[in-house]
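Take a look at the structure below.
Being a predicted model, the structure only gives us computed values, none of them experimental. So that the names make sense, note that chain A is the first sequence line, chain B the second, and so on, each numbered from 1.
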Amino acid sequence: MTKQYWLMKSEPDEVSIDDALAAPKQTVAWTGVRNYQARNFMKDVMRVGDGVLFYHSSCPEPGIAGIAEVASTPYPDPSQFDRKSPYFDAASKLESPRWTLVDVRALRKTRLLGLPEMRETPALAGLLVLKKGNRLSITPVSAEHWRVIEKLLT
DNA sequence: GCCAACGTTGGC
DNA sequence: GCCAACGTTGGC
């Protein structure tokens with residue numbers, strides 16, 4: 001299987017690229033995804049070593065803030081069983097967990113590649129996160145788009 | 001705070 | 001299985 005690429009949104013108030021880099025092994029569990037499409041990417045498609053664009057959302061300057069990689073195979077998201085968590089899901093059973101996540105290891109912080117600049121870059125046309133109305137927190141990124149973005153971040 | 005887009009829920 | 005109501009995401 002060749003390496004695939006992803007864009008993963010995180011609210012920096014929750015987990016920023018700095019938080020991820022400060023975590024043990026620069027690795028964080030991608031907790032809290034409660035959308036089946038995004039879950040399925042983590043559960044069925046991602047492979048350890050896949051490239052990840054670490055995206056800051058719902059903040060003053062949304063955009064790509066760092067480079068990361070998929071660091072684990074999928075496993076159940078513990079927060080779904082934690083009554084005190086905002087991500088608690090009473091309908092999810094221990095024997096058949098509904099929500100799955102992967103670990104993500106931050107590799108480096110980059111300059112912020114903001115949404116407006118991304119929109120202004122013709123080579124990034126078609127990038128899923130730029131599509132109007134897109135709310136999906138995990139989207140695949142083509143190898144071509146990945147290369148363009150890496151270059152912009154250099 | 002507004003609102004467009006879209007996912008989920010539940011009555012029928 | 002349809003679809004209206006409702007909830008959430010996330011940019012602005």
Sorted by first residue and then second, give each side-chain hydrogen bond (donor to acceptor under 3.5 Å, both in side chains) pair with at least one member in residues 5-30 of chain A; sequence neighbours left out. A:Trp6-A:Asp50, A:Ser16-A:Asp19, A:Asp18-A:Lys109
With a 6.0 Å cut-off on ring centres, are A:Phe88 and A:Trp99 close enough? no
Looking at A:Arg147 and A:Glu150, is any side-chain nitrogen of the basic one under 4.0 Å from a carboxylate oxygen of the acidic one? no
Step-by-step side-chain contact (heavy atoms from CB on, under 4.5 Å) determination, A:Met8 to A:Tyr55: CA-CA 6 Å; A:Met8 299 177 79; A:Tyr55 181 95; over 6 Å; no
Students should find this one: the first and last nucleotides of DNA chain B, 5' to 3', lying under 4.0 Å from a heavy atom of chain A. What are they? B:dA4 to B:dT8
For A:Lys131, look at atom NZ and say whether over 12 heavy atoms of other residues, nucleotides or ligands are found less than 6.0 Å away. no
